[in-house]
*Asks:* 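Dropping a structure here in structure tokens format, bear with me for questions.
Letters A, B, ... are given to chains in the order of the sequence lines, protein chains preceding strands, and every chain is numbered from 1. Predicted model only: the values in this text are computed from it and were never measured. Below, all heavy atoms of this structure are taken into account, side chains as well, without hydrogens, waters or symmetry copies.
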Protein chains: 2
Amino acid sequence: MAAEYAVRCVLYLAQQGSDVLVNRQEIASQARIPDSFLTKIAQDLARAGIITIKQGAKGGYALHRPPRQVNMLEVVEAIIGEISLNECVTKPAACPASPNCAANLVWQEARRRVRETLLAADFEALAKAGACVSPFPSPLSPPEARP
Amino acid sequence: MAAEYAVRCVLYLAQQGSDVLVNRQEIASQARIPDSFLTKIAQDLARAGIITIKQGAKGGYALHRPPRQVNMLEVVEAIIGEISLNECVTKPAACPASPNCAANLVWQEARRRVRETLLAADFEALAKAGACVSPFPSPLSPPEARP
DNA sequence: GATAAATAGGACTAAAATAATCCTATTTAT
DNA sequence: ATAAATAGGATTATTTTAGTCCTATTTATC
């Protein structure tokens, strides 16, 4: 959940435009995130340099950069750490044979592709594509004709 | 862990060749899987038609098909169910906006690519390439010569 | 058929990860 | 000075995962 909450939070901020300060309760209710939990998520996002937190009266959160320069990979990894898929990738020590293990290479490739996919998804595109438009042309949905 | 154990188990069987019956303790020690846990994993693999279980004296496990026809995706999914990466993919209900949510499409694409990668990894190739299963005989119970 | 060697499968426990909450402290606008 | 915000640590609850244990059943062999 936490990573999804983070994506929704950043998406909501991106929709307001960068540098627009939004108070936490508004984000929580609009993006359907438990308010107290959002506190924690925001802290991670701030630590990763994705959002800016302004404390005190009239405080709130804002994107720290233009939405174009924020992607899903960093948002997700700000929350859960580096995506790894499985232990044989993260803790090679757990598997004595892993340096020359073909299965390990498959996991690494799978991981690489997931990260690549999330990296390609920037929040400007996500915010714009509210309407069913996939950022990926090929197998999921046919490319759209431009007006 | 369970999915990794399953991969190691199938890999070990693939290395012995298909149709070769191996007793559970040997697999457990060679593939470094807690013996009692392997019981559970084997049941899932059998249910998925990946291995054959022979009960009774001189019983054990064997691959149910040639290694070429078994891939990492089905082995992993036999254990953990369909790979989903996150809830917004599995339970669209959890997110009222998901049908037209661009982030959701990104998750789906990422998932598609992981599954595609694991699908392409068949156990004949893995076994040939040399993998996860320790090349060293187990100190606990060395494998017996099979007639 | 009796027996010993295997695995099946359900019940159970332990540990870890995740989600979420609460409370006190601190920051800031007015 | 005060009220409106968020920070951040401590804590709890829930769920998932890992692993164990025990009794039942299956099968080869004598």
Side-chain angles (χ1 to χ4, degrees), chain A residues 1-9 13 21-29 31-48 51-62 64 76-88 90-91 94-95, chain B residues 1-9 13 20-29 31-48 50-62 64 76-88 90-91 94-95 141 144 146-147:
Chain A
M1 283 283 57
E4 269 178 67
Y5 287 157
V7 168
R8 295 217 291 259
C9 169
L13 291 175
L21 204 67
V22 183
N23 86 36
R24 198 213 303 143
Q25 288 208 8
E26 177 181 335
I27 301 171
S29 68
R32 303 177 312 284
I33 304 168
D35 181 72
S36 55
F37 198 23
L38 180 51
T39 290
K40 302 305 174 192
I41 288 163
Q43 284 169 33
D44 286 341
L45 292 173
R47 237 171 269 133
I51 67 173
T52 295
I53 297 177
K54 188 173 180 205
Q55 266 181 272
K58 306 240 161 140
Y61 306 147
H64 184 238
V76 168
E77 295 198 334
I79 305 299
I80 64 172
E82 277 218 348
I83 287 174
S84 68
L85 300 192
N86 74 340
E87 198 164 279
C88 105
T90 22
K91 311 184 195 164
C95 195
Chain B
M1 281 286 52
E4 268 178 67
Y5 287 157
V7 169
R8 295 217 289 259
C9 169
L13 291 176
V20 177
L21 204 68
V22 183
N23 86 39
R24 198 214 302 145
Q25 289 208 7
E26 176 182 332
I27 302 171
S29 69
R32 302 179 311 283
I33 305 168
D35 181 72
S36 55
F37 198 23
L38 180 52
T39 289
K40 303 305 176 194
I41 289 164
Q43 284 169 33
D44 285 342
L45 292 173
R47 238 172 266 132
I50 295 167
I51 66 173
T52 296
I53 297 177
K54 187 173 180 207
Q55 266 181 274
K58 306 242 160 137
Y61 306 147
H64 184 237
V76 168
E77 294 198 336
I79 305 298
I80 63 172
E82 275 219 347
I83 287 174
S84 68
L85 299 191
N86 74 337
E87 200 163 277
C88 104
T90 20
K91 311 184 196 164
C95 195
S141 56
E144 267 173 49
R146 263 186 309 279

*Asks:* Please assess A/Ile27 against A/Asp35 for the test side-chain contact (heavy atoms from CB on, under 4.5 Å), listing each intermediate value before the final yes or no.
*Replies:* CA-CA 8 Å; A/Ile27 301 171; A/Asp35 181 72; over 6 Å; no
*Asks:* Does A/Asn23 have any side-chain hydrogen bond (donor to acceptor under 3.5 Å, both in side chains) partners at least two apart in sequence or in another chain, and if so, which?
*Replies:* none
*Asks:* Nearest 0.5 Å, please: how far is SG in A/Cys9 from CG in A/Asp44?
*Replies:* 11.5 Å
*Asks:* Rounded to whole Å, please give me the gap between CZ in B/Arg32 and P in D/dA18.
*Replies:* 16 Å
*Asks:* Could you tell me the separation between the CD1 atom of A/Ile41 and the CD1 atom of A/Ile51, rounded to the nearest 0.5 Å?
*Replies:* 10.0 Å
*Asks:* In whole Å, what is the span from the CD1 atom of A/Ile41 to the C1' atom of C/dA20?
*Replies:* 10 Å
*Asks:* Please report the interatomic distance NZ(B/Lys54) to OG1(B/Thr52), rounded to the nearest 0.5 Å.
*Replies:* 11.5 Å
*Asks:* Between A/Ala57 and A/Arg47, which residue's closest nucleotide on DNA chain D lies nearer the 5′ terminus?
*Replies:* A/Ala57
*Asks:* Rounded to the Å, how far apart are A/Gln43 CD and C/dA19 C1'?
*Replies:* 15 Å
*Asks:* Rounded to the Å, how far apart are B/Arg24 CZ and C/dA5 C1'?
*Replies:* 11 Å
*Asks:* In terms of the nearest nucleotide of DNA chain C, which residue is placed more toward the 5' end: A/Leu38 or A/Lys54?
*Replies:* A/Leu38
*Asks:* Identify the pairs formed between an N or O of the protein and an N or O of nucleotides 13-17 of chain C at a distance under 3.5 Å, and give each distance.
*Replies:*
none

*Asks:* Should B/Lys58 be listed as having a side-chain N or O under 4.0 Å from OP1 or OP2 of D/dT26?
*Replies:* no
*Asks:* Whole angstrom is fine here: how far is it from CD in A/Glu26 over to C1' in D/dA4?
*Replies:* 16 Å
*Asks:* So, A/Arg24 side chain and A/Leu38 main chain: donor-acceptor pair closer than 3.5 Å or not?
*Replies:* no
*Asks:* Using a 4.0 Å heavy-atom cut-off across all strands, classify B/Ala2 as base, sugar-phosphate, or nothing.
*Replies:* sugar-phosphate
*Asks:* Let's see if you can work this out: which of C/dA8, D/dA28, C/dA19 has an atom nearest to the side-chain heavy atoms of B/Ile53?
*Replies:* C/dA8
*Asks:* Sequence neighbours excluded, which residues qualify as side-chain hydrogen bond (donor to acceptor under 3.5 Å, both in side chains) partners of B/Gln43?
*Replies:* none
*Asks:* Once you round to the nearest 0.5 Å, how far does CD of A/Glu26 lie from CG of A/Leu21?
*Replies:* 10.0 Å
*Asks:* Which range-with-range stems can be found for DNA chain C when each stem has 3 or more Watson-Crick or G-U pairs in a row and both distances sit under 3.5 Å?
*Replies:* C:1-30 with D:1-30
*Asks:* Checking B/Ala48 now: which residues fulfil side-chain contact (heavy atoms from CB on, under 4.5 Å) with it, not counting sequence neighbours?
*Replies:* B/Ile50, B/Ala78
*Asks:* With a 4.0 Å cutoff (strictly under), does any side-chain N or O of A/Tyr5 reach OP1 or OP2 of C/dA20?
*Replies:* yes
*Asks:* What N/O pairs connect the protein and nucleotides 20-25 of chain D at under 3.5 Å? Give each pair on its own line.
*Replies:*
| unit_1 | atom_1 | unit_2 | atom_2 | d |
| --- | --- | --- | --- | --- |
| D/dT20 | OP2 | B/Ser36 | OG | 3.1 |

*Asks:* Could you give me the CA-CA distance, side-chain angles and deciding distance for B/Val7 and B/Glu4, then say whether side-chain contact (heavy atoms from CB on, under 4.5 Å) is met?
*Replies:* CA-CA 5 Å; B/Val7 169; B/Glu4 268 178 67; 5.7 Å; no
*Asks:* Where the side chain of A/Met1 is concerned, which of C/dA19, D/dG8, D/dG19 is the nearest nucleotide?
*Replies:* C/dA19
